[in-house]
There are 2 protein chains.
Amino acid sequence: MKKTILIFGMLALAILALLQLSSYSLISGDLTIEFVISGIAILFFIIGVFIQKKFKKENIVSKEVDQKQINAIGLSKREYEVLLEMASGYSNKEIAERLFVSESTIKTHVSNVLLKLDAKRRTQAIQKAKELHILPI
Amino acid sequence: MKKTILIFGMLALAILALLQLSSYSLISGDLTIEFVISGIAILFFIIGVFIQKKFKKENIVSKEVDQKQINAIGLSKREYEVLLEMASGYSNKEIAERLFVSESTIKTHVSNVLLKLDAKRRTQAIQKAKELHILPI
DNA sequence: AACAGTCTCATACTAAAGTACCAAATCTAT
DNA sequence: ATAGATTTGGTACTTTAGTATGAGACTGTT
């Protein structure tokens, strides 16, 4: 967790910088104490929100599809489309109708998907695809 | 977004309260300006983190299984177990081996699961189960 | 233009999934 | 203890899924 140390170090620095700035402003009389404190409060609130967001993103399984993984596996555009339809629970015949091609074509694509994902069944392919983060949701 | 308005109202109030408190402390000379500002910064940082956490939680699809849904659907304990195995990508034969029963039994269970989830195929059953939040992940 | 890759489709299989129907054993709660 | 639900298992059958193989059409690339 180097990032944690880094972030808290930066925060400490930010606080020190603000202290310097605020005391200087107060001495010079440009700003009122209320204004400075409000600004600091808002600033640190925003920083808190931002940092929490960053941390959350790392912990949560991203719902985004990992395009790099798709390329790494070697799935073609059409094969990936078929995979998505499979994962949605459609049969080969239904996928064929939805994509306006023959069932034979879908079978070919499915076989290729299974090969590339090293799966014996479509359900296993779906599971593996999920683990590889190449499926939305 | 009533919550948003509420939260920001509370924040504004908190800032005002802090201003009052800090000016009072400064006048009475109990605290230094640095100490007050640091405290406020830390406080608002924490508030920011907390609020972001709250908001995030609402957006994320809960990974918990919805036991009520399982009951509502009428899935028995064993049927649910089979559903989980199905969703993991196992074949009927594999599930039979894993649960130490015959393949016939699994077929019966699977048929019942499909009926209760109103699905034509196991992939569709998995998809529907996912939507009903009765699958972990 | 030639080539690799993709997409399409077909045939002929084998394997797996799913349905229908039945029935015995086992729990479970009243 | 008995009724109702659950679990288990079987047979026989239909439907999907998946494999193997081949091949034409259509990219984009060098």
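Only a predicted model underlies this, so the values are computations on that prediction, with no experimental measurement involved. Letters go in sequence order (proteins before strands), and every chain restarts at 1.
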> Do Lys116(A) and Lys128(A) have side chains that approach each other closer than 4.5 Å (heavy atoms only, starting at C-beta)?
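Answer no - side chains too far apart.
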
> Look up atom CG in Leu84(A) and atom CE in Met86(A), then write down how far apart they are to the nearest 0.5 Å.
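The distance works out to 9.5 Å.
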
> How close or far is atom P of dT8(C) from atom CD1 of Ile95(A), stated in whole angstroms?
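Rounded to the whole Å, the gap is 13 Å.
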
> Closest heavy-atom contact between Glu85(A) and Ile95(A)?
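Looking at all heavy atoms of both residues, the shortest contact is CB-CG1, 3.6 Å.
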
> To the nearest 0.5 Å, tell me how far Ile134(A) CD1 sits from Leu83(A) CG.
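CG of Leu83(A) is found 5.5 Å from CD1 of Ile134(A).
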
> Return the value, rounded to whole Å, for the distance between atom CD of Glu85(B) and atom P of dA17(C).
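Between P of dA17(C) and CD of Glu85(B): 13 Å.
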
> Across nucleotides 8-26 of chain D, 5' to 3', mark each nucleotide with B, S or - according to how protein heavy atoms within less than 4.0 Å reach it.
BBBB-----BBB-------

> For the pair made of CD in Glu79(A) and C1' in dG5(C), what is the distance, rounded to whole Å?
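Value for this atom pair: 11 Å.
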
> Tell me yes or no: between the side chains of Ser111(A) and Thr108(A), is some donor less than 3.5 Å from an acceptor?
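On atom types as modelled, these side chains do not qualify, holding no pair under 3.5 Å.
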
> Would you kindly give the CD-to-P distance between Glu81(A) and dT6(C), to the nearest whole Å?
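Spelled out: CD on Glu81(A) to P on dT6(C) is 14 Å.
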
> Would you indicate whether the side-chain heavy atoms of Thr123(A) and Ile126(B) approach each other to under 4.5 Å?
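With C-beta onward as the side chain, the pair touches.
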
> Whole angstrom is fine here: how far is it from CD1 in Ile73(B) over to P in dT6(D)?
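So the CD1-P distance, Ile73(B) to dT6(D), works out to 14 Å.
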
> Can you check the Leu83(B) CG to dT6(D) C1' distance for me, whole Å?
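Distance check: Leu83(B) CG to dT6(D) C1' gives 17 Å.
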
